[in-house]
Amino acid sequence: MTSRPVPVFDGHNDTLLKLEVAARAGRPISFFDRDNKCHINLPKAREGGLAGGLFAMFIPSRIEQDITVSYDPNDPRHFAEVQQPAALGVTMAMAAKAMRIEREANGAVAICRTGEDIRAAMARGAFSMVLHIEGAEAIDKDFNALEVLHAAGLRSLGIVWSRTNLFGHGVPLACPSSPDTGPGLTDAGKALVKACNELRIMVDLSHLTEKGFWDVAGLTDRPLVASHSNAHAVTPSARNLTDRQLDAIAESRGLAGLNFHLAFVDPQGRIRLDMPIEQMVRHVDHLLSRLGEDGVALGSDFDGCIVPQAISDATGLPALIEGFRKAGYGEELIEKIAWRNWVSVLERTWS
Ligand code: ZN
């Protein structure tokens, strides 16, 4: 491709976790090193047109494990509850990592706290990071950590990962399965939604049970956002969204971000590395049919999942954009999916 790639602002990655796991294993890697084996690092982002995204701070039940290499969705040890002090410690480590990256980058990376921050970073060619918590284990019941992390730049929070915590219940990574797998939010979880609304922290619906989804929908005064979830009608995984859920997201003028994880894209939930990009486009087609052109975006799950070989890492984003062109999407729609819809929904959530 000769022209500059279409910029992408992506709704979910676990790159900070990969950096943290490597550091803990005594083999630290750098965000600035193209060969660091992460899906996202600064050189790969530049090559693929990745302009930035939401950077998750996720605490695996087994922090020593690289979730993209040795992860078994049927092993209950991966879904064990995590205690708050330990989770807060690891969250601090990941937030500090993002801040050190920003400082070391000398202007080439910006931790963004407003829509204007993201637009300005994109305009000058800097890489944007928005701090996100995936699973609120680090947050105490009095929300002291929430206050302080918000002041440090936290702008988005998923109440649960696919396990239980003080605030609610997550869906298993099961397929085929309805997302209606158990209880929703606890009273503490309902209070957390209110606290996030007050602080203008986006509440992310991905990983919640269906009951939890409806609990948030009934409480929040902001657009409904599932940062990295696909269409249940195409892949009947518990992690994907039913048409009823998609319709509620559309009604709130929210969005869903396409997750690249093979098991959430393949029609039978299989891990097939040679999965064609057209199968990802099938999800986007369905999401567009329910959410409209302003409600669909990307939520790659880079560095937290197994992506199709046709994409491989951030350098493969132009291949996905090309897949959209082949499917007949116009350039305006492609820009909306690639970045404009994310920036718009974040602005409406944070204002
Ligand atoms: Zn996730």
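Note that ligands are numbered from 1 as they come in the structure, with each ligand's atoms numbered from 1 the same way.
Cation-pi geometry between Arg244 and Trp214 is met: the NZ or CZ atom falls under 6.0 Å from the ring centre, inside 45° of the normal.
Counting heavy atoms of neighbouring residues, nucleotides and ligands inside a 6.0 Å radius, atom CZ of Arg34 exceeds 12 of them. By the neighbour-count criterion of 12 heavy atoms within 6.0 Å, atom CG of Asp187 is sparsely surrounded, having that number or fewer from other residues, nucleotides or ligands.
Closest approach between the Zn ion (ligand 1) and any N/O/S atom of Glu134 involves OE2.
The Zn ion (ligand 1) has an N, O or S atom of His228 under 2.8 Å away, backbone or side chain. Residue contact annotation: His207 places an N/O/S atom under 2.8 Å from the Zn ion (ligand 1).
Judged by distance alone, the side chains of His12 and Glu134 do bring a donor and an acceptor atom under 3.5 Å apart.
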